[in-house]
Q: 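Quick one: the structure is below, questions incoming.
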Number of protein chains: 2
Amino acid sequence: MTVPSVSRRDRKKAATRQAIADAALQLFLERGYDQVSIRDIADAADVSTATVFKHFSGKEALVFDQDEDRESQLIAAVRQRPSGQSILDALRQHVLDTWPAIGAHPQAAEFTNLVNSTPVLRAYAERMWTRYTDSLSAAIADEFGVDHDNLACVAIARFVLEIPVLARGRQDRQAAVGALFDILTHGWEPPSKSPGR
Amino acid sequence: MTVPSVSRRDRKKAATRQAIADAALQLFLERGYDQVSIRDIADAADVSTATVFKHFSGKEALVFDQDEDRESQLIAAVRQRPSGQSILDALRQHVLDTWPAIGAHPQAAEFTNLVNSTPVLRAYAERMWTRYTDSLSAAIADEFGVDHDNLACVAIARFVLEIPVLARGRQDRQAAVGALFDILTHGWEPPSKSPGR
DNA sequence: GTAGAAAAGTACAACGACTCTACTTAGCGA
DNA sequence: TCGCTAAGTAGAGTCGTTGTACTTTTCTAC
């Protein structure tokens with residue numbers, strides 16, 4: 001797939017990064033996040049601790065390796081949506097489309113468990129999404145020709161970005177995403193008792 | 001006002017806590033959050049660093065001193081609402097009622113500026129609210145007799161708790177809170193161009 | 001009042017995340 | 001072949017935070 005690395009240097013750099021990420025993930029899954037120090041990871045990957053921080057901004061970033069460019073995809077989904085489609089529908093479709101890939105990991109279950117059972121990782125994961133509130137709301141505001149800090153735009157951006165967080169861990173994520181977008185589209189309705197969970 | 005401290009010990013304890021919080025706030029406002037170490041604060045308050053952590057769970061908690069018991073108030077607003085009032089209306093009223101007190105600080109402007117210009121503090125402030133998602137959603141679910149992890153209940157709890165975050169820094173917070181609750185009640189509507197900001 | 005429990009505070013050492021500086025090494029381009 | 005640059009290393013240092021063992025203060029019960 002994506003192998004734009006031409007030079008040997010870039011290849012080696014990527015290899016080092018990968019070695020660190022792999023070592024980190026394995027150790028985290030084995031012992032738990034708090035029971036693994038940066039030094040442990042550096043030793044396992046056979047690099048110095050300084051090198052770890054050359055590749056990753058902090059310990060939490062080691063867990064969420066391929067953070068990718070969610071931001072640009074998000075903006076594109078709004079800007080390049082089919083004419084006539086509402087922004088909320090475009091975002092709903094985008095979330096439904098790009099999401100299965102994330103759960104396709106080999107050790108998805110253990111990984112989810114690791115994140116959910118480590119408070120600092122839960123917090124980091126939530127921030128990964130809400131970090132894009134500003135750029136998403138700016139894109140939405142542009143579509144309507146209003147100020148970037150328009151309250152309705154900031155609000156819907158934030159609410160939409162909460163949806164992945166809320167849907168995580170649900171048995172039927174597709175249905176959950178749909179229900180959450182319905183709340184934003186039509187307003188909240190009290191739950192019905194019978195269908196339960 | 002609230003002076004339930006009877007014993008001298010409790011009074012002294014509260015005094016040292018206050019001394020630490022005061023010293024911390026002053027230093028933070030003077031130099032900025034990152035330019036002040038725990039040792040600086042401890043020295044200014046004439047206590048040891050260990051004492052600082054006896055009173056506050058971490059450096060960020062020094063900024064948000066009177067965190068109070070927002071949680072119990074929130075639950076009470078749902079549980080003890082007037083009969084016939086919807087949960088969303090009860091929460092809207094609760095937010096509108098209990099909020100002016102927070103902005104009544106003497107150095108409110110500088111304080112807001114401090115928080116907004118320090119990423120770690122922004123993150124902490126957001127988490128202060130969303131931390132109560134679980135208990136609020138449980139209370140809401142109880143009102144309807146559904147499971148605690150009912151999606152609609154978790155979602156509305158989370159969205160409501162985002163409202164204070166979204167309304168912070170707005171010129172007319174009351175109006176902002178109202179508009180945000182309207183989104184949750186009736187669904188999102190695209191912004192109109194003319195009224196602008 | 002005084003003894004002793006209980007809590008607040010201190011000094012000090014330690015750990016882990018992270019940064020900085022100066023140095024070495026390896027790939028790249030001429 | 002000769003630098004230039006970027007990757008990596010070693011090692012010391014800062015800072016937040018915790019744990020341990022000790023002193024001081026206050027409360028309580030005799």
Side-chain angles (χ1 to χ4, degrees), chain A residues 3-25 27-28 30-65 114 118-124 127, chain B residues 3-25 27-28 30-65 114 118-124 127:
Chain A
V3 190
S5 313
V6 255
S7 62
R8 167 182 286 151
R9 190 143 63 182
D10 286 351
R11 247 178 295 127
K12 289 210 166 184
K13 181 178 178 178
T16 310
R17 184 195 162 92
Q18 196 60 41
I20 295 170
D22 290 349
L25 184 58
L27 289 175
F28 287 152
E30 274 176 24
R31 300 188 218 159
Y33 182 78
D34 291 321
Q35 278 61 55
V36 178
S37 74
I38 297 287
R39 171 156 270 145
D40 293 336
I41 296 166
D43 288 350
D46 201 35
V47 295
S48 74
T49 64
T51 301
V52 174
F53 290 107
K54 283 254 167 68
H55 286 276
F56 299 91
S57 57
K59 192 180 179 185
E60 302 103 320
L62 283 163
V63 176
F64 303 96
D65 190 5
L114 172 69
T118 312
V120 60
L121 290 183
R122 277 189 66 99
Y124 187 90
R127 266 178 69 63
Chain B
V3 190
S5 313
V6 255
S7 63
R8 170 171 11 234
R9 189 144 66 185
D10 286 352
R11 246 179 295 127
K12 288 209 167 183
K13 182 178 179 179
T16 46
R17 185 196 161 93
Q18 195 59 43
I20 294 169
D22 289 349
L25 184 58
L27 289 175
F28 287 154
E30 273 176 24
R31 299 188 219 158
Y33 182 78
D34 292 321
Q35 277 63 53
V36 178
S37 75
I38 297 287
R39 283 162 183 99
D40 294 336
I41 297 165
D43 288 350
D46 201 37
V47 296
S48 74
T49 65
T51 301
V52 174
F53 290 105
K54 284 254 169 67
H55 287 276
F56 298 92
S57 58
K59 192 180 178 184
E60 303 104 320
L62 283 164
V63 177
F64 303 96
D65 188 6
L114 171 70
T118 311
V120 59
L121 289 183
R122 277 189 66 99
Y124 187 90
R127 270 177 64 64

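Labels below follow one simple rule: chain letters A, B, ... track the order of the sequence lines, proteins then strands, and each chain is numbered from 1.
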Q: Would A:Lys59 count as a cation-pi partner of A:Phe53, with NZ or CZ less than 6.0 Å from the six-membered ring centre and within 45° of the ring normal?
A: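 Here A:Lys59 fails the 6.0 Å and 45° test against A:Phe53.
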Q: Whole Å only: how far is the CG atom of B:Asp46 from the C1' atom of C:dA8?
A: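 That distance rounds to 15 Å.
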Q: What's the closest nucleotide to the A:Arg9 side chain, out of C:dA26, D:dG8, D:dG11?
A: C:dA26
Q: Does B:Asp34 reach a base, just sugar-phosphate, or nothing at all? Heavy atoms under 4.0 Å.
A: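 It contacts nothing in the nucleic acid.
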Q: Can you establish whether the number of heavy atoms outside B:Asp46 located under 6.0 Å from its atom CG is more than 12?
A: no
Q: Whole-Å distance between C:dT10 C1' and B:Ile20 CD1?
A: 13 Å
Q: In whole angstrom, what separates B:Gln35's CD from D:dC15's P?
A: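 About 10 Å, once rounded to whole Å.
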Q: Compare all side-chain heavy atoms of B:Gln35 with those of B:Glu30 and state whether any distance is below 4.5 angstrom.
A: no
Q: Taking CZ in B:Arg17 as the centre, count heavy atoms belonging to other residues, nucleotides or ligands within less than 6.0 Å. Is the count above 12?
A: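 Yes, the 6.0 Å shell around CZ holds more than 12 heavy atoms from other groups.
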Q: Can you see if the side chain of A:Lys54 gets near the phosphate of D:dA7 - specifically, an N or O under 4.0 Å from OP1 or OP2?
A: no
Q: Would you mind reading off the distance between A:Lys59 atom NZ and C:dC15 atom P, rounded to a whole angstrom?
A: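 Those two atoms, NZ and P, are 15 Å apart.
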Q: Would you mind reading off the distance between A:Arg39 atom CZ and D:dG11 atom P, rounded to a whole angstrom?
A: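 Atom-to-atom, A:Arg39 to D:dG11, this comes out as 10 Å.
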Q: Without decimals, in angstroms, what is the distance between A:Phe28 CZ and C:dA17 C1'?
A: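 Computing the A:Phe28:CZ to C:dA17:C1' distance gives 12 Å.
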Q: Which is more 5' along DNA chain C, the nucleotide nearest B:Arg17 or the one nearest B:Thr49? Just name the residue.
A: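 Looking at DNA chain C, the more 5' nearest nucleotide goes with B:Arg17.
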Q: Measuring to OP1 and OP2 of D:dG8, would you say a side-chain N or O of A:His55 lies under 4.0 angstrom away?
A: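 The answer is yes; a side-chain N or O of A:His55 sits under 4.0 Å from OP1 or OP2.
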Q: What nucleic acid atoms does A:Lys12 come within less than 4.0 Å of, heavy atoms only: base, sugar-phosphate, or nothing?
A: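 Answer is sugar-phosphate: A:Lys12 comes under 4.0 Å of backbone atoms only.
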Q: Closer to the 5' end of DNA chain C via nearest nucleotide, is it A:Ile38 or B:Ser48?
A: B:Ser48
Q: Is A:Val36 touching bases, backbone alone, or none of the nucleic acid, heavy atoms closer than 4.0 Å?
A: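 Since only primed, P, OP1 and OP2 atoms lie under 4.0 Å of A:Val36, the category is sugar-phosphate.
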Q: What I want to check is whether an N or O donor and acceptor connect the side chain of B:Arg8 with the base of D:dT25 at under 3.5 Å.
A: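 Side chain to base: no pair below 3.5 Å.
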Q: What is the distance, to the nearest angstrom, from the CZ atom on B:Phe56 to the C1' atom on C:dG9?
A: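 Taking atom C1' of C:dG9 as the reference, CZ of B:Phe56 is at 15 Å.
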Q: At under 4.0 Å between heavy atoms, what does B:Thr16 touch on the DNA or RNA strands: base, sugar-phosphate, or nothing?
A: sugar-phosphate
Q: Select base, sugar-phosphate, or nothing to describe what B:Asp40 touches, counting heavy atoms under 4.0 Å on all strands.
A: nothing
Q: Between A:Val47 and B:Ser57, who's closer to the 5' end of DNA chain D by nearest nucleotide?
A: A:Val47
Q: For the backbone of A:Leu121 and the side chain of A:Thr118, can you confirm whether one donor and one acceptor N or O come within less than 3.5 Å of each other?
A: no
Q: To the nearest angstrom, how far is B:Phe53 atom CZ from C:dA11 atom P?
A: 16 Å
